[in-house]
Asker: 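Below is one structure. I have some questions about it.
Remember, it's 1-based here, ligands and their atoms both numbered in the order they're listed. These numbers were taken from a predicted model, which means no experiment stands behind them.
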Amino acid sequence: MSGDWLGVNSGFDQGGVRVTTASAPGKTILFGEHAVVYGRPAIAVPVSDLRATAQVEDGPAGGGVLLVAEDLGETYRLDETYDSDTARALQVTVRNTLQFLDISSEEQSLVVRVSSQIPIARGLGSGAAIATALVRALARHYGRFITASAISDLTYQTEIVFHGTPSGIDNTVVAFEKPVYFVKGERMDIFWVGRPFTLLVADTGVPSRTRDTVADVRQQWQADRLRYEALFDGVGQIVDAARQAIAVGDVDALGALMDENQAILRELGVSSPELDRLIEVAREAGAKGAKLSGGGRGGCLIALANGENDSKIATALLLAGAAQVISTVVH
Ligand code: PMV
């Protein structure tokens, strides 16, 4: 194997078959979930220690394009119809990417494999990571350069299959692999981190569909727009203060802002007893702040460590029932 571009490798295996692999990170929303759907800013960061991987290899001539979802043990053909979100997402990603590269999908013979360490339906951007890894691997397999912005756009097209009207934050963070300050349809700033900080990302083990919590918040917003708009404004102010705190490396301020954001998320009705309990455990174990991340009602929470108490917080969360705890440095 040789070559290295955005975690991409391309070369020949022992049988002389050309093989290309690429990976992409998970992501977590640091601030601003839900309010971002209503035009307020949000901040999200990559979770570099959890990754999805795609491998593309030349298949036997005339064999068409096979898509192997390794974690599910399923194989799909590009040119057949399946009643499966996974199949559709993989097909859409491959078709759109080949079209973008001006390559006719009918004439290709490929075996495409995807796998992921990122738990699904936990707000960790697993769908975006798989799509991004796939776009990167395909582009490199055909020896083509593709910008992070184009990768992000192609990943967004796949996100639509899963989320209907996604905000665009997942594809942006995952494709750029940088912290992003994001306002839907308006801006997407990659910004400076004054001092690296460590986040513990804890999985409650409870799957939660973002589509459902987003729909619930919309229903409540429709019933009481004034109240919800005010709550979203509060989140927007927290996000702007957080961006400033991150830029100047004020980790204490960051922790307090996470707690404030969590208080509003509770008012929005997207927390859960399980999340509340684990957030409390993290704070008691020394986290500078903690909040749910993503859609809520399950999924993940994030806790801000200070570099000294990481393992104490992680152990406390695991003892309290977290399914998995990942430590990730944001810089
Ligand atoms: O659960 P996640 O990481 O997909 O985050 C969802 C964030 C929301 O603001 C709730 C929805 C969105 O599309 O931005």
Side-chain angles (χ1 to χ4, degrees), residues 24-47 50 52 85 89 116 118-132 152 155-176 179-188 199 201-221 228-229 231-236 238-239 242 258 261-262 264-272 274-275 291-302 324 326 328 330:
K27 77 94 196 19
T28 191
I29 296 190
L30 203 49
F31 291 98
E33 48 276 273
H34 288 289
V36 72
V37 176
Y38 299 81
R40 273 51 163 206
I43 293 172
V45 296
V47 179
L50 283 178
D85 275 355
S116 176
I118 307 167
I120 58 169
R122 304 290 201 280
L124 289 172
S126 73
I130 290 171
T132 289
S152 176
T155 300
Y156 184 77
Q157 295 308 316
T158 301
E159 288 279 280
I160 289 172
V161 176
F162 280 108
H163 298 308
T165 52
S167 64
I169 201 162
D170 285 23
N171 48 289
T172 305
V173 175
V174 168
F176 283 83
V180 167
Y181 172 96
F182 177 90
V183 181
K184 187 181 176 183
E186 272 178 37
R187 56 197 286 193
M188 178 202 70
L199 286 180
V201 184
D203 181 357
T204 59
V206 180
S208 163
R209 295 197 336 160
T210 295
R211 193 162 31 188
D212 297 341
T213 53
V214 169
D216 284 357
V217 170
R218 182 161 299 276
Q219 227 173 24
Q220 291 161 44
W221 170 76
Y228 274 75
E229 286 294 329
L231 291 171
F232 296 148
D233 281 342
V235 174
I238 290 169
V239 175
M258 286 171 74
N261 196 161
Q262 172 62 18
I264 300 185
L265 286 161
R266 283 189 66 167
E267 285 197 58
L268 291 173
V270 294
S271 197
S272 68
E274 185 64 2
L275 280 164
K291 62 182 277 295
L292 69 85
S293 172
R297 301 243 184 91
C300 287
L301 61 108
I302 49 177
Q324 192 182 0
I326 297 288
T328 193
V330 180

Asker: For the CD1 atom on Ile160, are there more than 12 heavy atoms of other groups (residues, nucleotides or ligands in this structure) within a distance under 6.0 Å?
Answerer: yes
Asker: State the atoms of ligand 1, each with its element, that fall below the 4.0 Å cut-off from a heavy-atom position in Gly123.
Answerer: 1 (O), 2 (P), 3 (O)
Asker: Starting at NE2 of His34, measure out to CG of Leu268 and round the result to the nearest 0.5 Å.
Answerer: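 If I round to the nearest 0.5 Å, the distance is 7.5 Å.
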Asker: May I ask you to identify, for Val214, whether its side chain, its backbone, both or neither come under 4.0 Å of ligand 1 on a heavy-atom basis?
Answerer: side chain
Asker: Under 4.0 Å from any heavy atom of Ile29, which atoms of ligand 1 are there?
Answerer: 5 (O), 7 (C)
Asker: Distance-only, no hydrogens or angles: does the Arg266 side chain make a donor-acceptor pair with backbone N or O of Ile264 under 3.5 Å?
Answerer: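 No; judged by distance alone, with no hydrogens or angles, the pair does not exist.
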Asker: For atom 10 (C) of ligand 1, state which one of His34, Lys27, Glu159, Arg211 supplies the nearest heavy atom.
Answerer: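 Of the listed residues, His34 has the closest heavy atom.
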Asker: Salt bridge between Arg297 and Asp212, side-chain N to carboxylate O under 4.0 Å?
Answerer: no
Asker: With a cut-off of 4.0 Å, which atoms of ligand 1 are near a heavy atom of Val36?
Answerer: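 Once the distances to Val36 are compared, the set is 9 (O), 14 (O).
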Asker: Less than 4.5 Å apart, side chain to side chain, heavy atoms only: is that true for Ile302 and Lys291?
Answerer: yes
Asker: Write out the residue and atom name of the closest protein heavy atom to atom 12 (C) of ligand 1, then the distance separating them to 0.1 Å.
Answerer: Ser167 OG, 3.6 Å
Asker: Backbone, side chain, both or neither: what part of Val37 comes under 4.0 angstrom of ligand 1, heavy atoms only?
Answerer: side chain
Asker: Please identify which of these residues, Thr28, Ile169, Asn261, Val270, meets the side chain to side chain contact (heavy atoms under 4.5 Å, CB included) condition with Glu33.
Answerer: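 That would be Asn261; it is the only one of Thr28, Ile169, Asn261, Val270 passing the side chain to side chain contact (heavy atoms under 4.5 Å, CB included) with Glu33.
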Asker: So which heavy atom in the protein is nearest atom 1 (O) of ligand 1, and how far is it from that ligand atom?
Answerer: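 Here the closest protein heavy atom is Thr210 OG1, 2.7 Å.
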Asker: Please identify which atoms of ligand 1 are closer than 4.0 Å to at least one heavy atom of Gly295.
Answerer: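 Listed by number with element: 1 (O), 2 (P), 5 (O), 6 (C).
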Asker: Indicate the ring-plane relationship of Phe232 and Tyr38, choosing parallel, tilted or perpendicular according to the 30° and 60° boundaries.
Answerer: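 Parallel.
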